[in-house]
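What you see below is based on every heavy atom in this structure, not just the backbone, and it leaves out hydrogens, waters and symmetry mates.
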Amino acid sequence: MLPGVHLGAARGNQAVLQHAALYTRRFHAGREVIAIAEDEMTLAPESVPITSDPWMTGLANWSLMVLGSEWKAYCGMWPQDVTAPGVMWRMIGMDVRALGPSSYEIQKRMTAFLLAEDANQEHAALLRLLEALGTAVKIPLDPAAKRYLRIVDPKLSLQPEEPAEGAAVQGPLTVTLLQRTSKPVVEAPLMQSVFYQSKMR
């Protein structure tokens, strides 16, 4: 390999090519790779686990109660040292819909990926999650504040369609979570004084 040239899998971690004409396709160990000049390559930001979305973390924790203590749950991506069995949730869509002048509804579409020790364990876990999602109706978001997420349209597809270029990758299990929220009340300014003038004589 020439100095200053990196070999990256064509479908692995993607890089932004500033000059597309300067890269060439090669094959290494039976896989198509791309040779990119080092000074013409800008790496994409490294993926990190999602910890700031309480919907996703709540769904992940709920999944562990369904699958059992031997499973581990992740959000957004698999860690480098992941071991089976594990489930990873990722958000693939979001929508906000107004319900009226004082409330709105938030919808998030989630998808699950499973890493099992064999096909039988994966199949059983998928069925267990699907049945639990179909019967639970809602999952807790903040039980102390009596806040819950409603479960809508859980689906299982053992043969997911090939995603379009640039589209979010979808796992075999998908579900929509909903929550209705009230809009913040805007207080009107208080009157400082009232002026009254009588016309009676």
Side-chain angles (χ1 to χ4, degrees), residues 11-13 45-100 102-164 167-184:
R11 292 185 178 272
N13 293 330
E46 183 180 358
S47 299
V48 296
I50 303 299
T51 59
S52 58
D53 189 343
W55 291 37
M56 195 181 301
T57 55
L59 181 59
N61 293 332
W62 177 87
S63 300
L64 293 181
M65 294 188 294
V66 175
L67 295 175
S69 58
E70 71 274 15
W71 285 77
K72 292 181 174 61
Y74 307 94
C75 298
M77 64 167 293
W78 294 109
Q80 294 183 353
D81 57 347
V82 63
T83 57
V87 57
M88 186 264 290
W89 286 97
R90 180 179 294 163
M91 188 178 73
I92 57 174
M94 180 177 176
D95 188 28
V96 178
R97 183 169 62 96
L99 301 177
S102 60
S103 63
Y104 60 95
E105 182 180 75
I106 302 175
Q107 301 181 9
K108 291 185 180 182
R109 190 73 178 167
M110 303 288 187
T111 189
F113 301 84
L114 276 78
L115 179 64
E117 296 177 353
D118 52 46
N120 184 59
Q121 186 184 48
E122 179 183 5
H123 186 81
L126 285 170
L127 293 181
R128 201 181 310 166
L129 281 173
L130 180 65
E131 293 175 0
L133 288 169
T135 57
V137 181
K138 60 184 179 180
I139 62 174
L141 179 62
D142 185 357
K146 296 182 179 181
R147 296 174 60 200
Y148 296 87
L149 299 173
R150 191 156 61 94
I151 299 172
V152 177
D153 198 25
K155 289 183 178 180
L156 176 61
S157 176
L158 297 180
Q159 293 181 340
E161 297 181 359
E162 189 71 19
V169 178
Q170 180 172 306
L173 180 63
T174 58
V175 65
T176 298
L177 302 178
L178 299 137
Q179 185 186 51
R180 294 186 176 183
T181 305
S182 299
K183 295 181 180 180

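Side-chain atoms of Thr111 come within 3.5 Å of backbone N or O of Gly171 as a donor-acceptor pair. A donor-acceptor contact shorter than 3.5 Å is absent between the side chain of Ser103 and the backbone of Leu99.
With rounding to the nearest 0.5 angstrom, the CG atom of Leu130 is 8.5 Å from the CG atom of Leu126.
Listed here is the closest heavy atom pair of Val82 and Leu115: CG2-CD2, 3.8 Å. Closest non-hydrogen pair, Trp89 versus Ser63, comes out as NE1-OG, 2.9 Å. Closest approach of Pro54 and Leu141 over heavy atoms only: O-CD1, 3.6 Å. Closest approach of Arg180 and Glu105 over heavy atoms only: NE-OE2, 3.5 Å. Among all heavy-atom pairs drawn from Val169 and Phe113, the shortest one is O-CZ, 3.6 Å. The minimum heavy-atom distance between Glu117 and Pro85, with the atom names listed, is OE2-CD, 4.2 Å.
Looking at heavy atoms from C-beta onward, Gln121 lies in side-chain contact with Asp118 at the 4.5 angstrom threshold. Using a 4.5 Å heavy-atom threshold, the side chains of Arg109 and Met94 count as separate. At a threshold of 4.5 Å between non-hydrogen side-chain atoms, the residues Ile151 and Val137 do not count as touching. A heavy-atom distance below 4.5 Å is not found between the side chains of Pro49 and Tyr74. With contacts defined as side-chain heavy-atom distances shorter than 4.5 Å, the pair Ile139/Trp55 does not qualify.
Screening residues 48-68 for salt bridge (Lys or Arg N to Asp or Glu O under 4.0 Å), with sequence neighbours left out, gives Asp53-Lys108.
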(message) Please evaluate residues Leu127 and Leu156 with respect to the criterion side chain to side chain contact (heavy atoms under 4.5 Å, CB included), reporting the C-alpha separation (whole Å), side-chain torsions for both, the decisive distance (0.1 Å), and the verdict.
(response) CA-CA 8 Å; Leu127 293 181; Leu156 176 61; 3.9 Å; yes

(request) Please step through side chain to side chain contact (heavy atoms under 4.5 Å, CB included) for the pair Leu177 and Arg150, ending with a clear verdict. (result) CA-CA 6 Å; Leu177 302 178; Arg150 191 156 61 94; over 6 Å; no

(message) Is there a side chain to side chain contact (heavy atoms under 4.5 Å, CB included) between Val175 and Asp153? Walk through the geometry before answering.
(response) CA-CA 6 Å; Val175 65; Asp153 198 25; over 6 Å; no

(request) Any chance you could lay out the side chain to side chain contact (heavy atoms under 4.5 Å, CB included) test for Met110 and Arg90, step after step, and finish with the verdict? (result) CA-CA 6 Å; Met110 303 288 187; Arg90 180 179 294 163; over 6 Å; no

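Counted within 6.0 Å of CZ on Arg128, heavy atoms from surrounding residues, nucleotides or ligands total more than 12; the atom is thus considered enclosed.
Between Asp95 and Arg97 there is no salt bridge, since no side-chain N of the basic residue sits under 4.0 Å from a carboxylate O of the acidic one.
Scored by the salt bridge (Lys or Arg N to Asp or Glu O under 4.0 Å) test, Lys72 finds no partners at all (sequence neighbours excluded).
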